[in-house]
Amino acid sequence: LNGHEYTLPINNGPNSLHGGSVGLDQHFWESRILDTDCDPDMSKDNRDTGVEFSLLSKDMDQGYPGNLKVSVKYILTANDELHFVYQATTD
């Protein structure tokens with residue numbers, strides 16, 4: 001990457017799968033209840049309910065360069081639909 005070689009943990013044959021030996025599933029994720037008045041993914045009728053989980057994987061975590069911000073929202077609508085909203089950004 002940009003002329004630099006990174007060594008990643010091998011955990012699936014010759015590959016580094018799902019973020020390495022200590023994947024994101026093994027990290028502590030922050031959580032918050034979603035507010036229908038402030039969250040653009042929620043309907044404004046105040047009948048949806050939801051929760052968001054977020055995590056910052058810091059630069060060089062498991063050998064991967066760059067900071068990675070990850071979040072997932074689980075929203076249950078008034079129509080009994082379950083919505084998932086995933087987002088990830090890196091620098």
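Below, all heavy atoms of this structure are taken into account, side chains as well, without hydrogens, waters or symmetry copies. Note that the numbering runs from 1 along the sequence shown for the chain. Since the model is a prediction, treat every value here as computed from it, not as a measurement.
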[X]: which other cluster members, linking ILVMFWY side chains closer than 4.5 Å, directly or transitively?
X     : value
Leu8  : Tyr64
Tyr6  : Leu1, Met60
Phe28 : none

>> List the residues meeting side chain to side chain contact (heavy atoms under 4.5 Å, CB included) with Leu76, not counting sequence neighbours, and say none if there are none.
In response: Thr49

> Who pairs with Asn79 by side chain to side chain contact (heavy atoms under 4.5 Å, CB included), at least two apart in sequence or on another chain?
Replying inline: Thr77, Glu81

For the hydrophobic clusters of this structure (ILVMFWY residues joined by side-chain heavy atoms under 4.5 Å, transitively), does one cluster hold both [X] and [Y]?
X     : Y     : answer
Ile33 : Ile75 : no
Val70 : Val85 : no
Leu24 : Val51 : yes

> For Asp41, which residues count as a side-chain hydrogen bond (donor to acceptor under 3.5 Å, both in side chains) partner, sequence neighbours excluded?
Replying inline: Lys73

> Can you name the side-chain hydrogen bond (donor to acceptor under 3.5 Å, both in side chains) partners of Asn67, sequence neighbours left out?
Replying inline: Asp91

Of all heavy-atom pairs between [X] and [Y], which one has the smallest distance, and what is that distance?
X     : Y     : answer
Gly20 : Pro9  : CA-CG, 3.7 Å
Ser21 : Gln26 : O-NE2, 3.5 Å
Leu68 : Ala88 : CD1-CB, 4.2 Å

>> Strictly by side-chain hydrogen bond (donor to acceptor under 3.5 Å, both in side chains), give each pair with a member in residues 54-63 just once, sequence neighbours left out.
In response: His27-Asp61, Ser57-Asp61

>> Can you pull out every salt bridge (Lys or Arg N to Asp or Glu O under 4.0 Å) where at least one residue sits in residues 5-31? Sequence neighbours excluded, please.
In response: none

>> Strictly distance-based, threshold 3.5 Å: is any side-chain N or O of Asp48 a donor or acceptor partner for the main-chain N or O of Ala78?
In response: yes

>> Run Tyr74 and Leu34 through side-chain contact (heavy atoms from CB on, under 4.5 Å) and show every step you take.
In response: CA-CA 9 Å; Tyr74 300 95; Leu34 296 176; over 6 Å; no

